[in-house]
Amino acid sequence: MLKVSIYRYNPDIDSAPYMQDFQLDTQGKDIMVLDVLEQLKAEDPTLVFRRSCREGVCGSDGVNINGKNGLACVTPLSECVKNNTLILRPLPGLPVIRDLVIDMAQFYAQYEKIQPYLINDTPAPAIERLQSPEDREKLDGLYECILCACCSTSCPSFWWNPEKFIGPAGLLQAYRFLADTRDTATEERLSKLDDPFSVFRCHGIQNCVAVCPKSLNPTQAIGHIRTMLLSSGT
Amino acid sequence: MAVTNVTSFGRSGLSDWLVQRVSGVVLTVYLLVIAAYLLFTPEVDYASWKELHSGLCIRLLTVFAVLSLAAHAWIGMWGVLTDYVTVRLMGPKATPLRVFLQLGMIAVIFVYVAWTVAILWGK
Ligand code: SF4
Ligand code: SF4
Ligand code: FES
């Protein structure tokens with residue numbers, strides 16, 4: 001029997017959050033954390049969590065699994081269970097709506113700030129803006145982000161200043177557009193990042209790198225932004 | 001993204017960051033120089049210490065190191081205070097407390113710099 005301890009909080013009836021313990025017979029199978037949640041929800045329909053694709057694509061089921069942020073759907077028990085115990089909590093640092101569901105508004109607000117779309121005011125060509133394969137390659141390791149928030153909610157700098165520090169996810173996307181040769185707003189983008197908080201609250205703790213389920217490297221992207229700021233001399 | 005940075009050291013996050021790196025290097029160099037002196041001087045006493053600090057080079061290096069320390073400490077402490085002594089973590093009393101702590105830091109840093117100059121060039 002696997003012991004599963006889950007953070008429960010329903011603001012309508014609970015005065016404070018608490019941890020609820022469940023016992024689950026996994027029949028010795030190495031299932032995913034999301035399967036555990038689904039099976040427990042069959043027993044207790046009041047248990048609430050987000051999920052959609054159940055294959056690591058949509059980014060909706062980021063949770064804190066035995067102390068480490070990750071996607072429940074692609075984390076097998078063999079990778080996370082210690083002492084036959086699975087502890088599930090909501091991603092830290094953002095307000096809890098109910099059980100494992102958090103309010104991601106702050107996270108998206110930071111994403112919105114970096115203008116996550118191509119800006120190019122030259123006349124659009126007849127078909128599409130072409131890019132050489134080499135230039136396209138510069139976006140590898142950046143465009144794959146699924147905005148699961150595992151990184152930003154593991155970053156102490158984001159915990160302390162979520163309204164001022166863009167956080168690893170937003171900064172990875174900021175660099176994705178800075179690195180795009182089809183984008184013409186590089187200088188404007190950089191000038192908006194030059195304050196002491198947006199980028200420079202990153203202290204290179206690298207929690208973000210350690211948890212990203214897509215194996216992306218926000219710290220490296222942040223380093224590139226710093227270098228660009230340095231050479232643009234803003 | 002316009003964040004009020006009146007209380008940060010420089011005009012931008014980038015300049016703060018640069019000052020932090022450069023002052024770090026200056027402090028490392030100074031520490032190495034002093035460590036080398038302590039290691040390779042057979043007998044360190046008041047006379048030899050005074051002798052060391054009679055040179056203009058070492059005096060300038062010392063002043064430079066203390067100024068670096070002042071900048072480094074200010075930027076670093078400003079970062080720590082704006083992480084932890086915030087309205088978000090402590091409620092409304094955080095702002096006056098942070099202003100108080102920052103004024104205290106300015107006072108301490110000023111005294112250290114002035115004291116250094118007084119020691120090096122005083123009678
Ligand atoms: S960088 Fe990784 S951890 Fe962060 S939001 Fe994107 S996919 Fe998730
Ligand atoms: S490297 Fe920077 S962004 Fe990543 S967790 Fe650390 S402080 Fe946060
Ligand atoms: S359910 Fe879509 S990423 Fe896990």
Side-chain angles (χ1 to χ4, degrees), chain A residues 92-95 103 105-106 108-116 155-167 170-171 173-174 177-178 185 187-205 207 219 222-234, chain B residues 1-28 67-106 108-109:
Chain A
L94 290 174
D103 179 356
Q106 191 67 259
Y108 293 133
Q110 293 299 352
Y111 178 55
E112 219 181 310
K113 271 194 202 167
I114 62 102
Q115 301 178 287
C155 170
S157 287
F158 187 72
W159 295 340
W160 311 142
N161 285 296
E163 61 296 284
K164 291 181 185 161
F165 175 50
I166 297 207
L171 290 170
Q173 288 317 295
F177 288 97
L178 286 169
E187 284 306 316
E188 292 96 297
R189 289 180 187 277
L190 285 176
S191 67
K192 287 180 187 164
L193 294 171
D194 194 29
D195 64 89
F197 281 97
S198 300
V199 175
F200 289 97
R201 268 303 142 130
C202 169
H203 299 306
I205 309 159
N207 279 4
T219 311
I222 293 167
H224 289 316
I225 297 179
R226 234 186 244 133
T227 312
M228 288 182 88
L229 280 168
L230 217 80
S231 48
S232 90
T234 46
Chain B
M1 260 159 297
V3 179
T4 42
N5 60 359
V6 275
T7 49
S8 86
F9 182 77
R11 70 203 155 87
S12 73
L14 182 68
S15 62
D16 274 12
W17 183 80
L18 265 179
V19 169
Q20 211 61 337
R21 308 298 121 172
V22 174
S23 58
V25 171
V26 172
L27 285 171
T28 312
L67 288 177
S68 293
L69 184 70
H72 201 87
W74 172 257
I75 294 171
M77 289 304 292
W78 181 80
V80 171
L81 292 177
T82 49
D83 266 354
Y84 299 104
V85 189
T86 58
V87 173
R88 183 182 163 78
L89 292 185
M90 299 176 69
K93 67 175 189 300
T95 307
L97 179 62
R98 197 173 71 238
V99 170
F100 173 76
L101 289 171
Q102 285 180 345
L103 289 175
M105 274 164 48
I106 292 177
V108 170
I109 288 173

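Just so it is clear, the values below take in all heavy atoms, side chains as well, and ignore hydrogens, waters and symmetry mates. This one's a predicted model, so the numbers in the text were calculated from it and none came from an experiment. Sequence lines set the chain letters: A, B, ... in the order given, protein chains first and strands last, and positions in each chain run from 1.
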Here the gap from A:Lys164 atom NZ to B:Thr86 atom OG1, rounded to the nearest 0.5 Å, amounts to 8.5 Å
A:Glu112, CD: over 12 other non-hydrogen atoms inside 6.0 angstrom = no
Note to self: Could you check whether A:Arg201 makes a cation-pi contact with B:Trp78, meaning its NZ or CZ is under 6.0 Å from the centre of the six-membered ring and within 45° of the ring axis?
What the structure shows: yes
State, with a plain yes or no, whether a side-chain heavy atom of A:Phe197 is found less than 4.5 Å away from one of B:Thr82.
yes
Heavy-atom nearest pair, A:Leu230 first then B:Trp17, reads CD1-CZ3, 3.8 Å
Under a 3.5 Å distance rule, please check whether A:Arg226 uses its side chain to pair with a backbone N or O of B:Leu14 as donor and acceptor.
no
Interatomic distance, CH2@A:Trp159 vs CG@B:Leu89, rounded to 0.5 Å, equals 11.5 Å
